[in-house]
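Written out below as structure tokens is the structure these notes cover.
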Amino acid sequence: MRVDVITIFPEYLSPLDLSLVGRARARGILDVHLHDLRQWASDVHRTVDDAPYGGGPGMVMRPEPWWAALTEIGGAGGPDPAMGRRPRIIVPTPVGRPFTQAYAARLADEPWLVFCCGRYEGIDTRVIEEWADDEISIGDYVLAGGEVATLVMLEAVTRLLPGVVGNAESVVDDSFASGLLEAPVYTRPPVWQGHEVPAVLRSGDHGAIGRWRRDTALLRTAHRRPDLLEAVDLTEHDRAICAEHGMGDHGTAGGADPNGRVAQ
Ligand SMILES: C[S@@+](CC[C@H](N)C(=O)[O-])C[C@H]1O[C@@H](n2cnc3c(N)ncnc32)[C@H](O)[C@@H]1O
């Protein structure tokens, strides 16, 4: 996958050299190009912002540098004719659709993404209307710029690219992949500070372990994120487990343990 990031702070993206994303780049799975927006500013001061029409505080990113950058990077097939198509252009913004695992999976199928990192009060809306495929928010709070939001999205997408995560099954079992939160996880020692690892996980009975994981994932989700259950197709067994633990089908939390433990 090719990724272009346009920003006035390319150095803000330095975590892309590290860990899982850095390894994906080193192995050629992810091809990242960072661009300083100011190289497309036309005045001697390389200005990219101006006062907002209608007054008010802060500055707005001018359209011309964005226009020039997007035309050069992504317009008419882009600078790399081998890509042969326009990239998917994503603008991180608090007014966008919420970022989700399902959207990350859709992006992971794309060959080429461009992230446009806003600063100040954001990018002139005409640029977004003309170029953006998606306006995406990573949460209901306001950051100083789109760089951290881009890092968040890129890390979530990179984990889903084939060959990036060693054991592909761990991605399948992740929270949100099946609509539920993941079940609790444990490692050695079996007893730590008086807390015991659930016996079923040490039983070697993979059928029982699978059922326990599904049930605890269900109860955990019902307790912590009942909104997620709206989209899950619950089986008769799921409904019975919810009822047994004093929860409605859609997670009206009764007295469940917040960790979603079920009786063994
Ligand atoms: C200070 S914010 C602008 C906020 C804008 N005035 C508003 O209230 O919607 C500057 C930039 O940070 C990025 N940003 C801030 N919060 C974000 C969020 N929750 N998700 C994605 N991007 C965000 C966007 O790129 C935005 O253009």
Side-chain angles (χ1 to χ4, degrees), residues 1-16 30-81 83-100 102-104 106-108 110-157:
M1 170 186 278
R2 171 172 168 164
V3 174
D4 290 78
V5 183
I6 310 170
T7 166
I8 59 170
F9 292 120
E11 60 276 26
Y12 225 111
L13 281 299
S14 57
L16 294 178
L30 191 65
D31 177 25
V32 177
H33 302 252
L34 303 179
H35 308 276
D36 186 343
L37 179 69
R38 291 191 195 278
Q39 71 184 275
W40 287 283
S42 51
D43 65 325
V44 285
H45 302 296
R46 305 211 294 161
T47 311
V48 294
D49 60 320
D50 206 339
Y53 270 117
M59 302 294 269
V60 174
M61 295 189 105
R62 294 177 61 107
E64 302 94 328
W66 281 106
W67 203 276
L70 286 165
T71 303
E72 187 174 328
I73 294 166
D80 179 0
M83 296 303 293
R85 56 175 288 182
R86 189 180 174 281
R88 187 171 195 96
I89 297 178
I90 298 147
V91 177
T93 165
V95 303
R97 279 191 296 124
F99 185 62
T100 62
Y103 175 69
R106 282 221 302 285
L107 291 188
E110 295 278 343
W112 187 10
L113 305 176
V114 173
F115 289 90
C116 303
C117 302
R119 281 267 152 183
Y120 318 117
E121 292 304 316
I123 303 170
D124 186 300
T125 300
R126 293 166 292 182
V127 176
I128 292 162
E129 286 169 351
E130 188 70 22
W131 284 93
D133 293 299
D134 303 309
E135 292 178 82
I136 300 295
S137 167
I138 63 158
D140 292 347
Y141 40 78
V142 177
L143 303 165
E147 291 77 13
V148 170
T150 296
L151 288 171
V152 167
M153 290 190 256
L154 258 184
E155 185 162 313
V157 170

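Numbers here are sequence positions counted from 1.
The shortest side-chain heavy-atom distance between M153 and L113 does not fall under the 4.5 Å cut-off. Side-chain atoms of L16 and L30, non-hydrogen and from C-beta on, never get closer than 4.5 Å to each other. Contact of the V48 side chain with the Y120 side chain is registered, since non-hydrogen atoms from C-beta on lie closer than 4.5 Å. Proximity of V91 to W131: side-chain heavy atoms (C-beta onward) are nowhere separated by under 4.5 Å. Under the 4.5 Å side-chain criterion, counting only non-hydrogen atoms from C-beta, M1 is in contact with V157. Side-chain contact check for P92 versus I138: every heavy-atom pair is 4.5 Å or farther apart. Side-chain contact check for L13 versus L154: every heavy-atom pair is 4.5 Å or farther apart. In this structure, V127 and C116 have side chains that are not in contact, with every pair of non-hydrogen atoms separated by 4.5 Å or more.
Atom OH of residue Y53 and atom OG1 of residue T125 lie 13.5 Å apart, to the nearest 0.5 angstrom. Rounding to the nearest 0.5 Å places CG of L151 at 9.0 Å from OH of Y12. Rounding to the nearest 0.5 Å places CZ of R2 at 14.0 Å from CD of E110. Considering CD1 of I6 and CZ of F115, their distance stands at 11.5 Å, rounded to 0.5 Å. Remark: I89 CD1 to E130 CD distance equals 10.0 Å, nearest 0.5 Å.
Heavy atoms only, all atoms of each residue included: M61 and C117 are closest at SD-O, 4.2 Å. Nearest heavy-atom pair, G118 versus I123, reported as atom, atom and distance to 0.1 Å: CA-CG1, 3.9 Å. The heavy-atom pair separating W112 from G74 by the smallest distance is CH2-CA, 4.3 Å. Of all heavy-atom pairs between M59 and P52, the closest is CA-CD, 4.4 Å. Closest approach of E147 and I8 over heavy atoms only: OE2-N, 4.2 Å.
Remark: R119 fails to qualify as a cation-pi partner of F9 under the 6.0 Å distance and 45° angle criteria applied to the six-membered ring.
A 6.0 Å sphere centred on CG of D140 holds no more than 12 heavy atoms belonging to other residues, nucleotides or ligands. Under a cut-off of 6.0 angstrom, the local environment of CD in E155 is sparse, with at most 12 non-hydrogen atoms contributed by other residues, nucleotides or ligands.
With respect to R106 and D134, no salt bridge is recorded, no charged nitrogen being found less than 4.0 Å from a carboxylate O. Salt bridge status for D50 with R62: present, with a side-chain N to carboxylate O gap under 4.0 Å.
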Item to check | Verdict with reasoning, Y103 to I136, per side-chain contact (heavy atoms from CB on, under 4.5 Å) | outcome: CA-CA 10 Å; Y103 175 69; I136 300 295; 3.6 Å; yes

Item to check | Test log, rule side-chain contact (heavy atoms from CB on, under 4.5 Å), inputs I128 and T93 | outcome: CA-CA 11 Å; I128 292 162; T93 165; 6.0 Å; no

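Put simply, the side chain of S137 gets close to the backbone of G139: a donor and an acceptor are under 3.5 Å apart.
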